[in-house]
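Notes to accompany the following structure.
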Amino acid sequence: MPRRGSFLSSEPITSCVGLPAFEEKDRLRTTDCGVWEYFWRDKGQEHSIATTFKETLAPVKMADVVQPEPNSLQIPGDTLSAPSSPATARNDCSITPLTPSPSPRVEVRPRMSCPFSVVVAIDFGTTSSGYAFSFTQDSEAIHMMKRWEGGDPGVANQKSPTCLLLTPELRFHSFGFAARDFYHDLDPEEARHWLYFDKFKMKIHSTSDLTMETELEAVNGRRVRAIDVFAHALRFFREHALKEVKDQSSSVLEGEAIRWVITVPAVWKQPAKQFMREAAYLAGLVSPDCPEQLLIALEPEAASIYCRKLRLHQVIDLSVQPITNGFDLDGSRPFDSSFRQAREQLRRSRHSRTFLVESGTGELWSELQTGDRYIVADCGGGTVDLTVHQIEQPQGTLKELYKASGGPHGAVGVDLAFEAMLCQIFGEDFIQSFKAKRPAAWVDLTIAFEARKRTAAPGRANALNISLPFSFIDYYKRHRGQSVEAALRKSNMNIVKWSSQGMLRLTQEAMNELFQPTIVNIVKHIEELMAKPEVRGVRFLFLVGGFAESPMLQKAVQRALGRTCRIIIPHDVGLTILKGAVLFGLDPTVVRVRRCPLIYGVGVLNRFVEGRHPRDKLLIKDGRQWCTDILDRFVCVDQSVALGEVVRRSYTPARLGQRKIIINIYCSATDDVTYITDPGVRKCGTITLDLPEPLPGAVGGAGGGAGGPERREIRATMQFGDTEIKVTAVDVMSNRSVRASIDFLSN
């Protein structure tokens, strides 16, 4: 791949801290298409760079700005001087760096911390959700939310099912068990007018063109903006959490005294993360003017943070040779049990919802040496999320060793397999009709399967009985003119039987068929990750998330990986992410190094080099040849970026009097790209900077002096080390800074 900018002199034109002095041999000139061109001579050879910007005087909208907007003001004369040029005039490639470099230049920026009195974390899951909080003055105590009314027999309801109910007038009615139970009790005809949403988080992961206008479909088929549904759910948690926090707080808490944390899968792209932030703004958790008050936590990362605190009696070891809980590896010396006794005393209290965590790291970590690696596999309802970490001693911070990976292989895959089995037996047209005409009864059936799914285990001898709602049996007879039992016989599906008590009997073979596709994908992802050179030598594998409670998954992972590493499952595994999210909110600096999952950069113009650049990228302007559409990278795929590290570039406006600069940002999942038009490269966002009026005689002002107008430096800074990408841009002349997170929700 050609090295971008190799024609430039070795010395940068500007520094990151100010403007350089011009040499007499240097010149700055502008063309009629709004290009600032800076050229100089080095060893008798002329060099130059140029920069163009799209200018608009209209308010910036979250929309695609590649093509000119109707209310945009284009720079006069923005046409090609040579019609025979192979390249067409485009706004895609809008800038060329004033300070180009072959690779990103990184400088460390100190992280500023803001004081908060309490941290509230919301674990927004696919199948279940919940919240927890901790007061900063007593950060070793994590308070879980109140247990919910309702629930399923035999199922611990420490979290609430992620389901939401809206009235026929689209007003919020209820969330969780209350929504599910109310919907269940509605008359079938009346239920068709209510909007019930279940497991709707998956839509955000599966939508490739996510925007603020993306819609969700309720069980009855009606559609509502997804951002409104998520905002309703977050507003529900906000109200409940604030009430609990105030009940336990002796002082009056203002809104800005609370730091909120929302969890998302690590495999989510930036648009989905921004979507959750926008939903939180809409729900009133925080104001858009105080973005630092809300943190987006990555689910496996949060679990990893909590696992640092684990003691041996707080885990289940699935390894082939498990150690004895509460003893050293040789079983000779019991551990100090004071902390354990305190915790168990809290557990014995029936109404206690407080968990204690150690101030340092747990005993499990004492076995890890500097350089040891471990994997956290978050097996949730919608996704499997894998992250690889290394603990840094003695400070106990974490370093990500490989970019987050995984996919849509959560427990919902088992539910979908069950639905596919029903379609095979009773016909897909009937199942779709039943879901549309009897939505509440369909929800009943999925609840019955969910309860039995949790009891599935390898080697189980007896079949699992799943009750079919009476309306299912009755509707099928009316729809098909035959009984459910007759349909089972005709299907020739011997692994599913019919009970005279009105139940489907799923044999062990049937349950294996339902679980295997999802479990095979999870194990495959873990094995592929462990085979990578950066990950080899992993000592621990932590299984977390709600699906990690499944004996079917535990046995499969143990069989496949038990001799490769120690497989650890924390107690209360379904709450691991929630507790870790609270710890992350208390100390967001605990993960010191992350890996960038994508390339990010901007489209630039460079001097066209015959034989190196393709002819279709040639742009001729005023007799000079430029190569357009070159991707100037800020960071690369899987690049290691430390917390607080920033990448800086300097640009200059296209013309005097320009009041707004819009810079397009591009991304790619692969490294082998050179141009913004290459396959896999897409425009993913924009940075906007409003420029103040320059003072007469100032740099970039109207009175630039006899030598012509002086250039005006715009310095852009991008921070990639956090869970979200952060962008700032500064007009060096006025020192005016505009904080502008990249807009990833544009079409």
Side-chain angles (χ1 to χ4, degrees), residues 62 114 116-126 128-134 145 159-160 162-164 166 172 175-176 197 200-205 207 210-216 224-245 253-266 268-299 301-302 382 577-578 580-582 584-586 588 685 722-727 739-746:
M62 290 188 177
C114 299
F116 298 96
S117 300
V118 62
V119 170
V120 180
I122 299 174
D123 180 11
F124 202 116
T126 300
S128 60
S129 301
Y131 63 87
F133 58 93
S134 178
M145 66 188 200
K159 293 199 291 186
S160 172
T162 307
C163 47
L164 181 137
L166 300 181
F172 175 79
F175 183 88
F197 298 90
F200 50 87
K201 180 182 172 184
M202 288 188 68
K203 174 75 172 181
I204 306 305
H205 177 72
T207 302
L210 184 66
T211 71
M212 296 287 283
E213 301 304 319
T214 297
E215 293 182 329
L216 291 177
V224 180
R225 282 204 321 163
I227 194 77
D228 294 325
V229 175
F230 278 79
H232 280 310
L234 291 174
R235 192 177 297 114
F236 170 84
F237 281 119
R238 173 185 176 273
E239 293 171 358
H240 279 257
L242 287 180
K243 185 178 184 303
E244 280 200 61
V245 168
L253 291 174
E254 301 295 335
E256 57 270 17
I258 301 175
R259 164 169 271 169
W260 295 87
V261 182
I262 299 177
T263 65
V264 302
W268 270 19
K269 301 293 190 296
Q270 292 296 326
K273 296 177 185 177
Q274 182 184 339
F275 181 90
M276 291 300 290
R277 177 171 285 276
E278 296 291 344
Y281 292 155
L282 189 59
L285 266 68
V286 300
S287 166
D289 297 329
C290 305
E292 296 294 339
Q293 199 179 342
L294 171 66
L295 296 178
I296 300 297
L298 308 182
E299 289 166 359
E301 196 172 275
I577 293 167
L578 187 51
V582 174
F584 177 70
L586 292 168
D722 286 330
T723 57
E724 298 174 276
I725 296 175
K726 298 176 182 178
V727 180
R739 176 68 176 269
S741 295
I742 301 176
D743 170 28
F744 289 101
L745 293 176
S746 300

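Any value given below was found using the heavy atoms of this structure, including those in side chains, with hydrogens, waters and symmetry copies removed. Keep in mind the model is a prediction, meaning the values are calculated, not measured.
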Donor-acceptor under 3.5 Å ([X] side chain, [Y] main chain):
X	Y	result
Thr126	Met202	no
Thr214	Leu210	no
Glu299	Ala266	no
Arg277	Pro288	no
Thr162	Gly125	yes

Query - side chain to side chain contact (heavy atoms under 4.5 Å, CB included) between Val264 and Leu298, worked out - result: CA-CA 5 Å; Val264 302; Leu298 308 182; 4.0 Å; yes
Give the minimum heavy-atom separation between [X] and [Y], together with the two atoms involved.
X	Y	value
Phe200	Cys163	CE2-CA, 4.4 Å
Val224	Asp228	CG1-CB, 4.5 Å
Val261	Ala297	CG1-CB, 3.6 Å
Ser160	Gly176	OG-CA, 2.9 Å
Met145	Gly130	SD-CA, 3.4 Å
Ile227	Ala279	CD1-N, 3.5 Å

Determine whether [X] and [Y] make a side-chain contact, defined as any pair of heavy atoms from C-beta on separated by less than 4.5 Å.
X	Y	value
Phe230	Phe124	yes
Leu295	Thr723	no
Leu285	Phe237	no
Glu292	Lys726	yes
Phe584	Val119	no

Requested in this report: Could you walk me through whether Leu166 and Phe197 pass side chain to side chain contact (heavy atoms under 4.5 Å, CB included), step by step?
Outcome: CA-CA 8 Å; Leu166 300 181; Phe197 298 90; 3.8 Å; yes
Query raised in the report: Looking at Glu278 and Arg225, does any basic side-chain N land under 4.0 Å from a carboxylate oxygen?
Result: no
Measure the [atom1]-[atom2] distance between [X] and [Y] for me, rounded to the nearest 0.5 Å.
X	Y	atom1	atom2	answer
Leu294	Ser287	CG	OG	11.5 Å
Met212	Leu745	CE	CG	6.5 Å
Leu216	Lys203	CG	NZ	6.5 Å
His232	Arg235	NE2	CZ	6.0 Å
Ile577	Lys159	CD1	NZ	6.5 Å
Ile296	Gln274	CD1	CD	10.5 Å

Report task. List the steps and the verdict of side chain to side chain contact (heavy atoms under 4.5 Å, CB included) for Arg238 and Tyr131. Result -> CA-CA 9 Å; Arg238 173 185 176 273; Tyr131 63 87; over 6 Å; no
Query raised in the report: Does the separation of the ring centres of Phe236 and His240 fall below 6.0 angstrom?
Result: yes
